[in-house]
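Have a look at the structure below before the remarks.
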Amino acid sequence: MKEKNFLIYTNDPIQTKHLGAFLGKVGHEGIVICLEGDLGAGKTTLTQGLAASLHCGSASSPTFNLMNIYEGDVPIYHFDLYRLNSEDDLYEIGFYEYVQEDGEIIIIEWPDRFPSSIPEDNLYIKIYEQENNRRKITVTLNGTKYQNQYEELKKLCQSLQ
Ligand SMILES: Nc1ncnc2c1ncn2[C@@H]1O[C@H](COP(=O)(O)OP(=O)(O)O)[C@@H](O)[C@H]1O
Ligand SMILES: [Mg+2]
């Protein structure tokens, strides 16, 4: 099957938060979202937009926590694999149990640290910093479970451009 992906640009953090809100909209019945990008790319900013759209209060960077849980309309489990040393740590924080459950939003920052631990079905988002606050963002559908969510997201994103 041809890889499904699309590309969008955001011009400021607010637009990136809008993308996060779209993800919350399409993913409110449960989804796994991977967020790849350098430090300062906007992964947490996007997550804040998602969390706010589901009335979860404020999301913060989990880099110092490894995992944050936000309780809103839908539970959001926000992982940051940046400072994890080994896959054993993933067991310790309960990662594999959380990602098996349905009906919650799983956000994984730095999925590229432990690619073999990431669920096969996911929406994979990469954020690239450009000049003047612009971000190039690619969205890829991995597996087929979230195909409908992917298509709906693609439509919503057309309104951002
Ligand atoms: N288009 C944009 N999208 C997202 N963040 C942006 C954008 N332009 C500027 N920024 C700024 O870049 C920083 C991104 O930080 P953060 O979301 O914590 O990154 P990460 O979690 O990827 O390390 C924030 O200070 C944000 O205000
Ligand atoms: Mg971050």
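Remember, it's 1-based here, ligands and their atoms both numbered in the order they're listed.
The distance from the Mg ion (ligand 2) to the nearest N/O/S atom of T44 is under 2.8 Å.
Atom numbering of ligand 1 starts at 1 in the shown order; those under 4.0 Å from a heavy atom of D38 are 22 (O). Close contacts between ligand 1 and T16 involve ligand atoms 1 (N), 2 (C), 3 (N), 4 (C) [criterion: under 4.0 Å to a heavy atom]. Close contacts between ligand 1 and L39 involve ligand atoms 23 (O) [criterion: under 4.0 Å to a heavy atom]. Close approach to K43 involves these atoms of ligand 1, each under 4.0 Å from a residue heavy atom: 17 (O), 19 (O), 20 (P), 21 (O), 22 (O), 23 (O). The atoms of ligand 1 that sit less than 4.0 Å from any heavy atom of E109 are 21 (O).
With a 4.0 Å cut-off on non-hydrogen atoms, L35 does not touch ligand 1 at all.
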R113 and D89: CA distance, side-chain angles, deciding distance, salt bridge (charged side-chain N to carboxylate O under 4.0 Å, His left out) verdict: CA-CA 12 Å; R113 291 282 327 273; D89 295 352; over 6 Å; no
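The two residues L156 and K25 have their closest heavy-atom pair at CD1-CD, 4.2 Å. Across every non-hydrogen atom of V74 and C56, the tightest pair is O-SG, 4.0 Å.
Between Y96 and the options Y91, F79, Y77, a ring-ring contact (aromatic ring centres under 6.0 Å, His included) holds for only Y91.
With values rounded to the nearest 0.5 angstrom, I76 atom CD1 is found 9.5 Å from E71 atom CD. Here the CD atom belonging to Q147 is positioned 6.0 Å from the CD atom belonging to E151, to the nearest 0.5 angstrom. The CG atom of D80 lies 10.0 Å from the CG atom of L35; values are rounded to the nearest 0.5 Å.
Residue R134 places no N or O, backbone or side chain, under 3.5 Å from any N or O of ligand 1.
The residue among R135, E129, K136 with a heavy atom at the shortest distance from atom 12 (O) of ligand 1 is R135. Nearest-residue assignment for atom 5 (N) of ligand 1 (options T45, N133, N11; heavy-atom criterion): T45.
Residues Y150 and F6 bring their aromatic ring centres within 6.0 Å.
Assignment of G37 to the shell around ligand 1 is not supported, since no heavy atom sits closer than 4.0 Å.
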